[in-house]
Asker: 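One structure coming up, written as structure tokens, with questions to follow.
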Amino acid sequence: MKNVDDFERVALGFFPTPLETLPGLSKELGISLQIKRDDYSGFGGGGNKVRKLEYLMAEACRNGVEVVITTGGHQSNHARMVAAAARKFNMRPILVLRGNPPEQYQGNLLLDRLFGAELEFLDPDDYFTLIDGAMQAHADNARARGEKAMIIPLGGATPLGALGYVRAVEEMDAQRKALGLPDPDVIVAPTGSGGTLAGLYVGARRYWPNTRIVGISVSAKAPWFQERISRMAQECADLLQWPQRWSPEDIWIEDEYVGQAYGIPSEGGIEAIYRAAQAEGVLLDPVYTGKAMHGLISLAQQQRIAPGSEVIFVHCGGSPALYPFARQILEH
């Protein structure tokens, strides 16, 4: 069997990120709540994608890639991080984003521009039918110019990228052991493309076999994620030669906290943003982590996360996405 250190990666993030106790929310919810501060991963504005890109960019560097192409929504943390990582290794980033051209470049879109990314916008109604062809066209154009291109899928959600969150579980296991804490009962994280959850499932099966993992969807319905994450986790475990197996029904997804749609703030998500800020001084965002914290709070209140449980919330970053939604947040 292998471990994550057997795979080539580049150093991008500032690890280990803190594992912080949240006493105010713990008391309010009747659980023991910690937060894994991957918003502090540092590079390019921070967030969970740093862990995945350490492996994906190692592959790009090894293959002599000159143009990196990826996709996401207007306020995609992943797209912003790919742009930053591409520039660090002297590659040209191209971002094909879901949404119409904005009137103003704010939040992650502003950072995309600062990193000098080439941006293409696809009509949101046609996005899923056009995106593969659009990214492939950019790759073909690069190759026609004699440049080597690499397409990174939505969210960096690949078995190789998922190794980043196997490593994160190893990191959290060491942190909790150093504090004399037991294995957590539940891990809660947002899921938009599935790669983070896949890595968490693989790592937890290895280090915390009794820990349950819940993904709070910020986009798709549960069955899509269950199929995708079970398959990706299996392929990630196969890379490691770990004898682990999953079926879709093994994957716990809550899909009632998306709100109107991906990328649109929800009432519960905004309430969770205020609650985390005022109880703990923690900044969440309305696209990803706010909705995920809404899910955690609701599950605790419903006692679907049992009172007294040891819970970790994985903060996947995204604070740049607060600012484009200032009006909605303040009006709430």
Asker: Would a distance-only check, ignoring hydrogens and angles, find a side-chain to backbone donor-acceptor pair under 3.5 Å from Asn63 to Val65?
Answerer: no
Asker: If you count every heavy atom of other residues, nucleotides or ligands that lies below 6.0 Å from Glu118 atom CD, does the total exceed 12?
Answerer: yes
Asker: Atom CH2 in Trp252, atom CZ in Arg212: separation rounded to 0.5 Å?
Answerer: 4.5 Å
Asker: Roughly how far apart are Phe128 CZ and Asp126 CG, rounded to 0.5 Å?
Answerer: 11.5 Å
Asker: What are the two closest non-hydrogen atoms of Pro320 and Pro324, and how far apart are they?
Answerer: O-CD, 3.3 Å
Asker: How many angstroms lie between atom CD1 of Ile297 and atom CZ of Arg275, to the nearest 0.5 angstrom?
Answerer: 4.5 Å
Asker: Do the charged groups of Arg304 and Glu254 touch, with an N to O distance under 4.0 Å?
Answerer: yes
Asker: State which residue, out of Val188, Val214, Leu22, fulfils the side chain to side chain contact (heavy atoms under 4.5 Å, CB included) condition with Val311.
Answerer: Val188
Asker: Here's a test for you: under side chain to side chain contact (heavy atoms under 4.5 Å, CB included), which of Leu25, Leu19, Val282 qualifies with Ile35?
Answerer: Val282
Asker: Indicate, with yes or no, if Leu154 and Leu200 share a hydrophobic cluster defined by side-chain heavy-atom contacts under 4.5 Å among Ile, Leu, Val, Met, Phe, Trp and Tyr.
Answerer: no
Asker: Should Glu310 and Gln34 be marked as a side chain to side chain contact (heavy atoms under 4.5 Å, CB included) after you check the CA-CA gap, both sets of side-chain angles, and the distance that decides it?
Answerer: CA-CA 8 Å; Glu310 297 275 340; Gln34 289 189 312; 5.7 Å; no
Asker: Determine yes or no for a side-chain-to-main-chain donor-acceptor pair under 3.5 angstrom, with Ser298 supplying the side chain and Gly295 the backbone.
Answerer: no
Asker: If I compare all heavy atoms of Pro265 with all of Ile270, which pair ends up nearest, and what's the gap?
Answerer: CB-CD1, 3.9 Å
Asker: Contact between Asp112 and Leu97 at the side-chain level, heavy atoms closer than 4.5 Å - yes or no?
Answerer: yes
Asker: With distance as the sole test, does Ser41 use its side chain to make a donor-acceptor pair with the main-chain N or O of Gly46 at under 3.5 Å?
Answerer: no
Asker: Would Ile253 and Trp224 count as a side chain to side chain contact (heavy atoms under 4.5 Å, CB included) here? Give the steps.
Answerer: CA-CA 10 Å; Ile253 301 293; Trp224 184 83; over 6 Å; no
Asker: Return yes if a side-chain donor-acceptor contact under 3.5 Å exists between Tyr207 and Arg176, otherwise no.
Answerer: no
Asker: Roughly how far, to the nearest 0.5 Å, is the CE atom of Met57 from the NZ atom of Lys88?
Answerer: 10.5 Å
Asker: Between Gln75 (side chain) and Asn108 (backbone), is there a donor-acceptor pair under 3.5 Å?
Answerer: yes
Asker: Donor-acceptor pair, Glu66 side chain versus Ala149 backbone, under 3.5 Å?
Answerer: no
Asker: Could you give all pairs that pass the side-chain hydrogen bond (donor to acceptor under 3.5 Å, both in side chains) test and reach residues 177-202, with sequence neighbours left out?
Answerer: Asn48-Thr196, Lys52-Thr196, Asp173-Lys177, Asp183-Trp208
Asker: If you count the non-hydrogen atoms of other residues, nucleotides and ligands that lie under 6.0 Å from CD in Gln241, is the total more than 12?
Answerer: yes
Asker: Please answer whether the main-chain N or O of Val96 pairs with a side-chain N or O of Thr71 as donor and acceptor at a distance below 3.5 Å.
Answerer: yes
Asker: Using the rule that two of Ile, Leu, Val, Met, Phe, Trp, Tyr join whenever any of their side-chain heavy atoms come within less than 4.5 Å, decide whether Leu130 and Ile69 are in one cluster.
Answerer: yes
Asker: Answer yes or no: is there a donor N or O on one side and an acceptor on the other, between the side chain of Arg9 and the main chain of Ala58, under 3.5 Å?
Answerer: no
Asker: Going by heavy atoms in the side chains, are Ile94 and Glu120 under 4.5 Å from each other?
Answerer: no
Asker: Does a salt bridge link Glu171 with Arg167, judged by any charged N lying under 4.0 Å from a carboxylate O?
Answerer: no
Asker: If the threshold is 4.0 Å, N to carboxylate O, is there a salt bridge linking Asp38 and Lys49?
Answerer: no
Asker: Between the side chain of Tyr262 and the main-chain N/O of Ser217, is any donor-acceptor distance below 3.5 Å?
Answerer: no
Asker: Could you pull out the closest heavy-atom pair between Gly195 and Met232, with the gap in Å?
Answerer: CA-SD, 3.7 Å
Asker: State, yes or no, whether a side-chain contact exists between Asp123 and Asn100 at a heavy-atom distance under 4.5 Å.
Answerer: yes
Asker: Of the non-hydrogen atoms in Leu95 and Ala79, which two are nearest, and what is the gap between them?
Answerer: CD2-O, 3.6 Å
Asker: Can you tell if the side chain of Pro286 reaches within under 4.5 Å of the side chain of Gln328, non-hydrogen atoms only?
Answerer: no
Asker: Does one side chain, of Asp250 or Ser247, offer a donor that lies under 3.5 Å from an acceptor on the other?
Answerer: yes
Asker: Can you name the nearest heavy-atom pair linking Leu109 to Pro102, along with the distance?
Answerer: CD1-CG, 3.7 Å
Asker: Does Phe115 reach the side chain of Pro93, with side-chain heavy atoms less than 4.5 Å apart?
Answerer: no
Asker: In the single-linkage hydrophobic clustering (I, L, V, M, F, W, Y; side-chain heavy atoms under 4.5 Å), do Val169 and Leu179 co-cluster?
Answerer: no
Asker: For the CD1 atom of Ile216 and the OH atom of Tyr288, what is their distance to the nearest 0.5 Å?
Answerer: 15.5 Å
Asker: For Glu249, look at atom CD and say whether over 12 heavy atoms of other residues, nucleotides or ligands are found less than 6.0 Å away.
Answerer: yes
Asker: Might you confirm whether atom CG of Asn90 has over 12 heavy atoms from other residues, nucleotides or ligands at distances under 6.0 Å?
Answerer: no
Asker: When rounded to the nearest 0.5 angstrom, what is the spacing between CD1 in Ile213 and CD1 in Ile187?
Answerer: 4.5 Å
Asker: Establish, for the pair Arg205 and Trp242, whether the NZ or CZ atom is under 6.0 angstrom from the six-membered ring centre and no further than 45 degrees off its axis.
Answerer: no
Asker: In terms of hydrophobic clustering (I, L, V, M, F, W, Y; side-chain heavy atoms under 4.5 Å; direct or indirect links), are Val68 and Val10 co-clustered?
Answerer: yes
Asker: Has Thr70 got a side-chain atom pairing as donor or acceptor with Ile152's backbone, closer than 3.5 angstrom?
Answerer: yes
Asker: Check whether any side-chain heavy atom of Tyr55 lies under 4.5 Å from a side-chain heavy atom of Thr158, and answer yes or no.
Answerer: no
Asker: Is there a donor-acceptor contact under 3.5 Å linking the side chains of His294 and Ser266?
Answerer: no
Asker: Identify the heavy atoms of Ala157 and Arg228 that sit nearest to each other, and give their distance.
Answerer: CB-NH2, 3.6 Å
Asker: Please tell me whether Ile151 and Val67 are part of a single hydrophobic cluster in this structure, the criterion being side-chain heavy atoms less than 4.5 Å apart.
Answerer: yes
Asker: Can you confirm whether the side chains of Glu20 and His315 place a donor and an acceptor under 3.5 Å from each other?
Answerer: no
Asker: Between Glu54 and Leu163, is any pair of side-chain heavy atoms under 4.5 Å apart?
Answerer: no
Asker: If only atom types and distance count, is the side chain of Glu280 paired as donor or acceptor with the main-chain N or O of Gly24 below 3.5 Å?
Answerer: yes
Asker: Side chains of His78 and Met81: does their closest heavy-atom pair fall under 4.5 Å?
Answerer: no
Asker: Would you verify whether the NZ or CZ of Arg51 falls within 45 degrees of the ring axis of Tyr165 while also being under 6.0 Å from that six-membered ring's centre?
Answerer: yes
Asker: Please assess Leu296 against Leu33 for the test side chain to side chain contact (heavy atoms under 4.5 Å, CB included), listing each intermediate value before the final yes or no.
Answerer: CA-CA 10 Å; Leu296 186 158; Leu33 179 60; 4.0 Å; yes
Asker: Between Glu170 and Arg206, is a side chain to side chain contact (heavy atoms under 4.5 Å, CB included) present by the stated rule, with each step listed?
Answerer: CA-CA 9 Å; Glu170 290 185 349; Arg206 173 85 169 186; over 6 Å; no
